[in-house]
Amino acid sequence: MSGAFRLPSGGRIDRSRPVRFTFDGRDCRGFAGDTLASALLAEGRHLIGRSFKYHRPRGFLSAGSDEPNALVGVGRDEAHYTPNLRATQVELYDGLVAESQNRWPSLDLDVGGINNLLAPLLPAGFYYKTFMWPKKAWTSFYEPKIRAAAGLGRSPGAADADRYTQHYAHCEVLVVGGGPAGLAAALAASDSGQRVVLCDEQAEFGGSLLSERQAMIEGLPAAEWAGQAAAELAARANVTLLTRTTAFGYFPHNMIGLCERVTDHLGVADPRLPRERLWQLRAREVVICAGAHERPIVFPDNDRPGILLAEAGRTYVNRYAVQPGTRAVVFTATDSAYRAALDLRAAGIKVAAIADLRPEANGPWPTMARKAGIDVRTGTSVTGTSGRLRIRQAQLAPIRADGSVGTSEPVACDLLLMSGGFTPSVHLFSQSRGKLAWNANLGAYLPDVSVEAERSAGACRGVYGLEAVLADGFAQGAAAARAAGGTTSPVRGLAVKATDCGHDASSARRPTAAIACSPRPSSTGRTTSPPRTSSLPPARASSRSSTSSATRRPAWPPTRARPRT
Amino acid sequence: MLIIACPYCGPRPELEFRYGGEAHVARPVDPSTLSDEDWGAFLYQRANPRGLHAERWRHVHGCGRFFNALRDTTTDFFAATYETGTPRPAGTPADGETSR
Ligand SMILES: [Zn+2]
């Protein structure tokens, strides 16, 4: 049976086009417009992978390209097999065959999970090649076993049967990212009549607008406005729209590398089409509209299946019409997670509590949440979670005025949404050799000095709030067109009806945020495991140097400050 | 990939060009009168500045001609390109200065 957690209505899926696929050999169903992740969540599956070393159960964390856990292998046969795809990006088609990775014999019963129990004997930095003795056993026994236990994914068993092509192109203005800022920038830039290219990594333009429930632009629901803006752009002869296209490289003199996935989303593709097309695009001006990534909060056992980023929870509910759980706890340091909580509630998910690290939260969204009767607990931290293959309960503890943590209280839940604020996505800007500057007010690095002929717009330069983002998109798009020698019409203003979340966020920088970071014995006295950090690489150098310097900590037992992987 | 403006053909991608070493290095009129040190210096010693650098490029997959270029070695941006035999454009910063 499929789709037990599918909402009866809503979402951007096409309910008239059911799709069948298999995951680990099991028949599953979804709809056109689903990703592999949303379809699996609709079936109630959160467990999607095992961690690299300790084989801890891992579930979906995000709903997009920032997904660190949900790595799957996809392909109907060996010649079309691709490992390590993010399930959150794999579009569903009829006959899709997907398998989980890094587990044996199966995802639910994984022998490697014993590493988690042996964790005290496998210190951070422990290397599998310790298994060198006896020498002969390395090639015959240890290596094959360890190779099976470690690593991510497997290589395809046959040569790639697909075709790949490349394409050189030129334009006056390239807009990277088709969210609100990108659509506005492309509209403004193409007013000049110059050649404009707009690319987005997803199948559909709109970005965050596709996950909005209430926001209105020009009297239209946000997602509808996005569709209309994309249609308006498509009708302009000077505009090239590229969906499913990732801008992966910023090369000197505004040469941008784009990877267009042409047929990956099709079950049966025209054999004349290549699988991927490499664009080497020379743009006179580039507008980067890459948006922002939500930050996870670091707390003990924050890697259980069922723990998602708040915006991801919103996306699954609003865009894919999927209930990622039935009873949620929201752990936040920002107002935006209150919006997510209300969206969940509107989809029939019970919100058991909102734990806010900040001593108070009085913005419009927290006020609405209280009015809706949600149990809002400010000055509260999540000190641990339990549940084997899925979160079953979260420990909520008050933070006292002196910064210490009070007695924790268990709250039953099968879903935990977390939000530690947002980090502007400055990757492409940094690749263009641009210099970043720290913005203390936003608690983030923002683009500062440009080297190439490029500019950023919207959330990727710290502009938040729908109206401000659209205005910034229009302004930067028009400025790019002018810099490329064009003339633009006056900047448009759009009538936006949306309640902002306010991202000035002292939130993530408040000292209380650090409380959630330190592993500590939980109220039950059991020592909790160290937390998972974000998808960013852990700061290894610091922990290493601290042990080697004058701290005089004995070498054994090893520190467990580093995250389990 | 860099865009290089050939003074004869216009802007072309880097692929069409070959680097030709430092520009404005005059061959001694009568090498036989030079000391070994001076001859060695002419042959081998080059400026290698950090910042603007006058250098020769050849448009091998184009007109085939040599020309001179002022390139900033820290950013790879070209301040100017000009024909061989003409002096460095007036008003451009000296070698080693930054172009920006
Ligand atoms: Zn030429």
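Computation of the quantities below employed the complete heavy-atom set of this structure, encompassing side-chain atoms and omitting hydrogens, waters and symmetry-equivalent molecules. Proteins come first, then strands; the chains are lettered A, B, ... in the order of their sequence lines, and each starts at number 1.
- Crowding of B:Arg18 atom CZ: a count of heavy atoms from other residues, nucleotides or ligands under 6.0 Å not exceeding 12.
- Counting all heavy atoms, side chain and backbone alike, A:Phe251 lies closest to B:Met1 at CB-N, 3.7 Å.
- In this structure, B:Asp76 and A:His253 approach most closely via the heavy-atom pair O-NE2, 3.1 Å.
- Heavy atoms from other residues, nucleotides or ligands lying under 6.0 Å from CZ of A:Arg455 number more than 12.
- Proximity of a side-chain donor or acceptor of A:Arg433 to a complementary backbone N or O of B:Thr75 within less than 3.5 Å is detected.
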